[in-house]
Enquirer: 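Dumping the structure here so I can ask a few things about it.
Worth knowing before you read on, the calculation uses all heavy atoms, side chains too, and leaves out hydrogens, waters and symmetry mates.
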Amino acid sequence: MINVLFFASLRERLGCESLTLDYQPEMKLDDIKNQLMAKGDNWQNVLSGNVLAAIDQEMVQGDAEIHDNAEIAFFPPVTGG
Amino acid sequence: MINVLFFASLRERLGCESLTLDYQPEMKLDDIKNQLMAKGDNWQNVLSGNVLAAIDQEMVQGDAEIHDNAEIAFFPPVTGG
Amino acid sequence: MDHNQELAMIKVTENDFNVAEEYQALINNNSQDGAVVFFVGLVRDFNQGHSIKGLHLEYYPAMTENALKVIVEKAKERWPIGRVRLIHRVGSLNINDQIVFVGVSSQHREASFEAAQFIMDFLKTEAPFWKKEVTADEGERWVEANQKDQLARKRW
Amino acid sequence: MDHNQELAMIKVTENDFNVAEEYQALINNNSQDGAVVFFVGLVRDFNQGHSIKGLHLEYYPAMTENALKVIVEKAKERWPIGRVRLIHRVGSLNINDQIVFVGVSSQHREASFEAAQFIMDFLKTEAPFWKKEVTADEGERWVEANQKDQLARKRW
């Protein structure tokens, strides 16, 4: 199982805070993203924008590998400070 | 008349806090300095080092002109902050 | 308080902070450091063309504090600094409220100034916080990330 | 307090200052500035190879405060800053005593950070203050001007 979290404007625009996906061997972050974008036009639109991602609370790029039980997070560019 | 002030290590090494000199038309700062250096070996030594100067409380270079009643100050490089 | 805790205090909290107390924690029993630099960020009344009434700060609880630790560690590797204190608030804030505090001590001022700027530049671009503003004219809006902050981060 | 006084407070004094009060004076009724940077310089226990017991700060009473005003004016011409507070102590100081405070507010953090550094770099090289240290090993000695400070000043 993989836990996927969404934050801030992504969470609001998707109307979703978290979901779970089945783990497949050799998955990369972009595979997860493509799977989510296939959920519909809104998912496609929102996730094709400027979206950052983290695996197990560390920022990663699209080619990062996923392990079983990973916590994946998608969020917009950060605006703290 | 011209008032000449000395600060910090210059004051201590010269053993002098202030003195007055007669004003001469077209005097420059370097003329004052040369006049003071002629007072003896110690004055020569101390004033030939790295010495800053101000006329009427503004930092100036050696070619600055002196006016009557000017306040001239000589001091070492500053070390505040 | 153990040694590490004293050298770097990092906190993400809903509570306000007290600048005088943070300053004391940077200088108490610290006679080797002659320089203290700090930065406070506050909620302004106007941002990105909108008049602001307040804001809400969202974060990623499992990740944010650790992201800040990584940034502070990078600063410590890069400059000879003494103590660091970094506090970032989350939740609902009003105009003039304090948002963020970064305090750095060092022997000489250059290290403190540069490390404090480095920490802020990385915090602004890499730490998972998101601001939603309550505007006077358009209701609520998510603050957009700033090109200028990306550039500031790239200079290091 | 008139408008100018509020925007730039400059003081040369034997008295200590209170960082919390200075911070309040930078932010009170100031909802347009989202950034406050400040620097505090303190007496360290070790300098230029000597263990220090205290120091005496000499200045040029007729000139020093005005020299600081000129430096602050230059900073205000160069960056969009709000308020500036600059305090420099003179007379006898002990280890850990506060020597100098520079506080700057601005809308965005870059201006405050740069202006505060600019003010310190010019103060260190152009404002008539001289430090005489009381050392543990060699009695009293005048602090020597620092090549690094000259370089820092030249970057602007």
Side-chain angles (χ1 to χ4, degrees), chain A residues 1-21 23 27-30 32-33 36 41-81, chain C residues 12 39-44 47-48 55-71 86-91 93 98-102 116-133 139-150 152-153:
Chain A
M1 287 290 246
I2 294 166
N3 280 308
V4 185
L5 310 177
F6 304 97
F7 289 95
S9 58
L10 251 66
R11 174 176 43 74
E12 286 191 358
R13 292 172 66 198
L14 296 173
C16 179
E17 195 171 318
S18 67
L19 54 80
T20 55
L21 296 175
Y23 172 71
M27 265 181 150
K28 292 189 189 298
L29 183 76
D30 279 338
I32 305 267
K33 204 170 172 182
L36 293 168
D41 284 354
N42 188 41
W43 290 78
Q44 169 79 34
N45 286 340
V46 171
L47 293 177
S48 60
N50 192 356
V51 171
L52 305 181
I55 300 178
D56 294 340
Q57 302 91 45
E58 289 204 11
M59 288 240 234
V60 294
Q61 302 298 318
D63 59 355
E65 280 186 35
I66 309 294
H67 61 88
D68 199 7
N69 298 312
E71 177 175 289
I72 314 288
F74 292 101
F75 44 81
V78 303
T79 56
Chain C
V12 175
F39 171 81
V40 181
L42 305 120
V43 183
R44 290 191 300 134
N47 190 37
Q48 298 182 347
L55 60 80
H56 184 80
L57 254 155
E58 181 171 332
Y59 72 121
Y60 181 175
M63 176 175 174
T64 304
E65 214 162 274
N66 202 54
L68 297 180
K69 275 184 196 145
V70 170
I71 294 168
L86 173 54
I87 304 169
H88 201 297
R89 292 177 69 193
V90 291
L93 300 175
Q98 302 180 135
I99 305 172
V100 57
F101 176 92
V102 182
Q117 282 173 286
F118 175 95
I119 290 168
M120 279 308 301
D121 289 349
F122 275 76
L123 184 155
K124 283 259 183 187
T125 50
E126 303 205 341
F129 293 104
W130 302 275
K131 285 193 191 114
K132 188 184 218 175
E133 290 175 344
E140 297 190 343
R141 67 182 277 278
W142 290 100
V143 172
E144 280 163 48
N146 198 319
Q147 184 61 27
K148 207 169 58 176
D149 288 325
Q150 292 293 334
R153 183 218 163 294

Enquirer: Go through the atoms of Leu5(A) and report whether side chain, backbone, both or neither lie under 4.5 Å from a heavy atom of chain C.
Expert: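 It is the side chain, since no backbone atom gets that close.
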
Enquirer: More than 12 foreign heavy atoms under 6.0 Å from CD of Glu17(A): is that the case here?
Expert: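 For Glu17(A), atom CD is not crowded (no more than 12 foreign heavy atoms under 6.0 Å).
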
Enquirer: Testing the basics here: between Val143(C) and Thr79(A), what is the closest heavy-atom pair and its distance to 0.1 Å?
Expert: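 Scanning both residues completely, I find the closest heavy atoms to be O-CG2, 3.5 Å.
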
Enquirer: Looking only at heavy atoms, what is the nearest atom pair of Pro61(C) and Phe7(A), with distance?
Expert: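 Between these two residues, the closest heavy atoms are CD-CE2, 4.4 Å.
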
Enquirer: Counting only heavy atoms closer than 4.5 Å, note whether Phe39(C) contacts chain A via side chain, backbone, both or neither.
Expert: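 No part of Phe39(C) comes within 4.5 Å of chain A.
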
Enquirer: Quick one: does any side-chain atom of Trp130(C) pair with a main-chain N or O of Ser9(A) as donor and acceptor, under 3.5 Å?
Expert: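 Pair absent, no side-chain N/O of Trp130(C) close to backbone of Ser9(A).
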
Enquirer: For Thr125(C) and Met59(A), work out which heavy atoms get closest and say how close.
Expert: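 Closest pair (atom of Thr125(C), atom of Met59(A), distance): O-CE, 4.3 Å.
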
Enquirer: In terms of heavy-atom proximity below 4.5 Å to chain A, should Ala62(C) be classed as side chain, backbone, both, or neither?
Expert: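 Looking at Ala62(C), backbone and side chain both touch chain A.
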
Enquirer: Can you confirm whether more than 12 heavy atoms, excluding those of Glu58(A), are under 6.0 Å from its CD atom?
Expert: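 Counting neighbours around CD of Glu58(A), 12 or fewer heavy atoms of other residues, nucleotides or ligands fall under 6.0 Å, so no.
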
Enquirer: State whether the side chain of Lys131(C) and the backbone N or O of Gly81(A) hold a donor-acceptor pair below 3.5 Å, judged by distance alone.
Expert: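 Yes; at least one donor-acceptor contact below 3.5 Å.
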
Enquirer: Ignoring hydrogens, what is the shortest heavy-atom contact between Ala54(A) and Met63(C)? Give both atom names and the distance.
Expert: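 Of all heavy-atom pairs spanning Ala54(A) and Met63(C), the closest is CB-SD, 3.9 Å.
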
Enquirer: Side chain, backbone, both or neither: which part of Glu144(C) has a non-hydrogen atom closer than 4.5 Å to chain A?
Expert: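 The answer is the backbone of Glu144(C).
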
